[in-house]
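I have placed the structure first, in the form of structure tokens, so that the comments after it can refer back to it.
The model shown is predicted, which means the values in this text are computed figures rather than measured ones.
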Amino acid sequence: MGQLDSLKVLDFSTLLPGPYASMMLADMGAEVLRIESASRPDLVRELAPMVGDSSAAHQFLNRGKRAIALDLKQPQAIELVKRMVADTDILLEQFRPGVMARLGLDYATLQQINPRLIYCSITGYGQTGPYKNRAGHDINYLGLSGVAGYSARAGQAPVPQGIQIADVAGGSLHGVIGILAALFQREQTGIGQSIDISMTDTAFALNAMSGAGLLGGGVEPQPEQELLNGGSFYDYYATRDGRYMAVGSLEPKFFLGLCDRLDRPDLHIYLGKMDAESQALLKEAFTQAFLAHDFAYWCDLFGDSDLCVEPVLTLSEARDHPQIQARQMVVDVPDGKGGYQQQLGCPIKFSSSFRVPDRVGGDLGGEGRQVLSALGLGAQEIEALVAQGVVTLPMKAPD
């Protein structure tokens, strides 16, 4: 069993933020049904690398979910969705504001069908404000939220991040938090509600340390001048062979231990000195120290330490790291063809259960026939909807 068993989710989202959020709900046991479009399929399906006829990313983000492909421009499809909503706990959508209303699927309409419905909208800028209808991507939200402005080396451009911070840490995770909070309140009141998640809002809220300093103390954060953005010795250091070590030894005992491991006890005099000159001297000393040996030497030297010094790993090295393996962060998920696909594991660990998804993300509209049958439609009705283009069913595999 999963923690969210018996909860039913209708997911209209594509790309990354919404699908990641609904994947988390599915990982915890919710029954997620994707409402897909045959005419405008999810672009993530085509995102390399491919595994079979769809992308590895799509098969990961949509694992454990069912899918039906509907043409939402047709009234019959809208009526089918409304029938589904009557027995749905959570609806997740990622369209621009106003799209669901034009389809007749806005919260005000659907609440009349199911007052217990929790309706979560994840958008770039939210349902209100002058930017509400504006297009955007992760890099835009990080730019507007101030995050990118001080996430750079002094005098250099911000670096595009390897992960989608505003999309996932912003949209996906805050969406799930909002949904779970609304579920808790529904237990008290019996009534659902709508949730408005803006990825720009959430990225702005992630300015936890520097935002507090600006709003409370009037200090504007600058690139490579803050404690945690390269303005102190808390930084990455190159090794002789071009790899990097991550040094976060801020606390006194860690700092002193780091100096000793580097055979630089003379640097103890800088303990607690946070002025720019002292930090610059420390960074230069540490830079030269790490350049003296190869990456493997430093991994071995700090491997048994508790000094907040770790290697900067490639993703494949991280996958194989004993800590990642011990935490079951790589799992084998059935691929629907008699084999398994390795995927990222769920990072939330519960004492009562450990649930591995039962299948990777599948074909466009893969479970459409079963979904319609469960709504009470007979074979002839289903075939009529297919003929009219209301529903698209996956092609049958050749015999």
Problem - Donor-acceptor under 3.5 Å (Glu381 side chain, Gly378 main chain) - result: yes
Exercise for the section: Answer yes or no: are there more than 12 heavy-atom neighbours, outside Arg240 itself, under 6.0 Å from its atom CZ? Expected result: yes
Problem - Arg63 and Asp27 ion-paired at < 4.0 Å - result: yes
Exercise for the section: Would you mind checking if Asp87 and Lys8 are paired as a salt bridge, meaning a charged N to carboxylate O distance below 4.0 Å? Expected result: yes
Completion exercise
Between the CG atom in Asp363 and the CZ atom in Arg45, the distance rounded to the nearest 0.5 Å is 7.0 Å
Problem - Salt-bridge contact Glu383-Arg369 (side-chain N to carboxylate O under 4.0 Å) - result: yes
Problem - Tyr234 side-chain N/O to Asn229 backbone N/O, donor-acceptor pair under 3.5 Å - result: no
Handout entry: Hphob cluster co-occupancy, Ile35 + Leu377, side-chain heavy atoms under 4.5 angstrom
Key = yes
Exercise for the section: Could you verify whether a donor N or O on one side chain and an acceptor N or O on the other, from Gln76 and Gln388, lie under 3.5 Å apart? Expected result: yes
Problem - Derivation of the salt bridge (charged side-chain N to carboxylate O under 4.0 Å, His left out) call for Arg359 and Asp335 - result: CA-CA 6 Å; Arg359 61 187 178 277; Asp335 63 7; over 6 Å; no
Problem - Residues Lys65, Glu367: salt bridge by 4.0 Å N-O rule - result: no
Handout entry: Asn207 versus Tyr150, side-chain donor and acceptor atoms under 3.5 Å
Key = yes
Exercise for the section: Give the intermediate values and the outcome of side chain to side chain contact (heavy atoms under 4.5 Å, CB included) for residues Val85 and Leu10. Expected result: CA-CA 8 Å; Val85 164; Leu10 282 184; 3.8 Å; yes
Handout entry: Residue pair His321 / Leu313, side-chain heavy-atom distance below 4.5 Å
Key = yes
Exercise for the section: Flag the pair Asp294 and Arg243 as a salt bridge only when some basic side-chain nitrogen lies within less than 4.0 angstrom of an acidic carboxylate oxygen. Expected result: no
Practice task
Examine distances only and state if a side-chain atom of Ser249 and a backbone atom of Phe255 form a donor-acceptor pair shorter than 3.5 Å.
Solution key: no
Practice task
Assess whether atom CZ of Phe295 is packed by more than 12 heavy atoms of other residues, nucleotides or ligands within 6.0 Å.
Solution key: yes
Handout entry: Minimum side-chain heavy-atom gap Pro158-Ser151 below 4.5 Å
Key = no
Exercise for the section: Check Ser232 against Leu250 and note the closest heavy-atom contact, atom names and distance. Expected result: OG-CD2, 4.4 Å
Problem - Pairwise side-chain contact, Val391 with Ile382, heavy-atom cut-off 4.5 Å (strictly under) - result: no
Exercise for the section: Using a cut-off of 6.0 Å, state whether more than 12 heavy atoms not belonging to Met274 lie near its atom CE. Expected result: yes
Exercise for the section: Please answer whether the main-chain N or O of Ser54 pairs with a side-chain N or O of His58 as donor and acceptor at a distance below 3.5 Å. Expected result: no
Practice task
Please answer whether the main-chain N or O of Leu301 pairs with a side-chain N or O of Arg261 as donor and acceptor at a distance below 3.5 Å.
Solution key: yes
Exercise for the section: Tell me whether the centres of the aromatic rings in Tyr244 and Phe290 are closer together than 6.0 Å. Expected result: no
Exercise for the section: Taking only Lys NZ, Arg NE, NH1 and NH2, and the carboxylate oxygens of Asp or Glu, determine whether Glu251 and Lys253 approach each other closer than 4.0 Å. Expected result: no
Problem - Thr200 side chain to Gly124 backbone, donor-acceptor under 3.5 Å - result: yes
Problem - Residues in side-chain hydrogen bond (donor to acceptor under 3.5 Å, both in side chains) contact with Asn140, at least two apart in sequence or another chain - result: none
Exercise for the section: Flag yes if Ile113 and Leu33 sit in one hydrophobic cluster, no otherwise; membership is Ile, Leu, Val, Met, Phe, Trp, Tyr, and two members link when side-chain heavy atoms are under 4.5 Å apart. Expected result: yes
Exercise for the section: Rounded to the nearest 0.5 Å, what's the gap from CZ on Arg96 to OG on Ser121? Could you check? Expected result: 14.5 Å
Exercise for the section: For Asp196 and Gln127, indicate whether the former's side chain and the latter's backbone hold a donor-acceptor pair under 3.5 Å. Expected result: yes
Exercise for the section: Check Ile324 against Arg319 and note the closest heavy-atom contact, atom names and distance. Expected result: CG2-O, 3.9 Å
Handout entry: Glu277 atom CD: more than 12 heavy-atom contacts under 6.0 Å
Key = no
Exercise for the section: Kindly indicate whether the side chain of Val9, heavy atoms from C-beta on, has any atom under 4.5 Å from the side chain of Asp89. Expected result: no
Problem - Close side-chain approach of Tyr270 to Phe233, heavy-atom, < 4.5 Å - result: no
Handout entry: Pro97 side chain near Thr123 side chain, heavy-atom distance below 4.5 Å
Key = yes
Fill in the blank from the handout: Asp5 and Gly29 have their tightest heavy-atom pair at OD1-O, 3.1 Å
Exercise for the section: Could you pull out the closest heavy-atom pair between Ile195 and Ala182, with the gap in Å? Expected result: CD1-CB, 3.9 Å
Problem - Flag if over 12 foreign heavy atoms under 6.0 Å of CG, Leu315 - result: no
Handout entry: Within one Ile-Leu-Val-Met-Phe-Trp-Tyr cluster: Leu80 and Phe12, side-chain cutoff 4.5 Å
Key = yes
Handout entry: CG/Asp275: more than 12 non-hydrogen atoms of other groups inside 6.0 Å
Key = yes
Practice task
Decide if atom CD1 of Ile139 counts as having more than 12 heavy atoms of other residues, nucleotides or ligands within a radius under 6.0 Å.
Solution key: no
Practice task
Find the distance between NE2 (His174) and CG (Leu206) and round it off to the nearest 0.5 Å.
Solution key: 5.5 Å
Practice task
Considering non-hydrogen atoms only, spot the tightest contact between Ile122 and Pro17 and give its length.
Solution key: CG2-CB, 4.1 Å
Handout entry: Linked, directly or transitively: Met329 and Val360 (ILVMFWY side chains, under 4.5 Å)
Key = no
Problem - All pairs passing side-chain hydrogen bond (donor to acceptor under 3.5 Å, both in side chains) where residues 306-316 contributes a residue, at least two apart - result: Thr314-Ser316, Thr314-Glu317
Fill in the blank from the handout: Rounded to the nearest 0.5 Å, the CE atom of Met245 sits from the CZ atom of Phe302 at a distance of 6.5 Å
Handout entry: Student check: side-chain heavy atoms of Leu25 and Leu4 closer than 4.5 Å
Key = yes
Problem - Nearest-0.5 Å distance, CG of residue Leu117 to CD of residue Gln112 - result: 11.5 Å
Problem - Presence of salt bridge, Lys283 and Asp235, under 4.0 angstrom - result: yes
Problem - Exam field: side chain Asp138 to backbone Ile165, donor-acceptor pair closer than 3.5 Å - result: yes
Exercise for the section: Could you tell me whether Lys73 atom NZ has more than 12 heavy atoms of other residues or ligands within 6.0 Å of it? Expected result: no
Exercise for the section: Indicate whether the side chain of Gln343 and that of Gln341 have a donor and an acceptor atom separated by less than 3.5 Å. Expected result: yes
Handout entry: Donor-acceptor pair between Glu226 and Gln222 side chains, under 3.5 angstrom
Key = no
Exercise for the section: Indicate, with yes or no, if Ile68 and Leu105 share a hydrophobic cluster defined by side-chain heavy-atom contacts under 4.5 Å among Ile, Leu, Val, Met, Phe, Trp and Tyr. Expected result: yes
Exercise for the section: Considering non-hydrogen atoms only, spot the tightest contact between Pro223 and Ala154 and give its length. Expected result: O-CB, 4.1 Å
Practice task
Compare all side-chain heavy atoms of Leu258 with those of Val309 and state whether any distance is below 4.5 angstrom.
Solution key: yes
Exercise for the section: Using modelled atom types only, decide if a donor and an acceptor are shared between the side chain of Ser145 and the backbone of Leu142 within a distance under 3.5 Å. Expected result: yes
Problem - Side-chain donor-acceptor pair present, Asp260, His268, cut-off under 3.5 Å - result: yes
Practice task
Measure the CG-CG distance between Asp11 and Leu92 for me, rounded to the nearest 0.5 Å.
Solution key: 4.5 Å
Practice task
Examine distances only and state if a side-chain atom of Asp332 and a backbone atom of Tyr340 form a donor-acceptor pair shorter than 3.5 Å.
Solution key: no
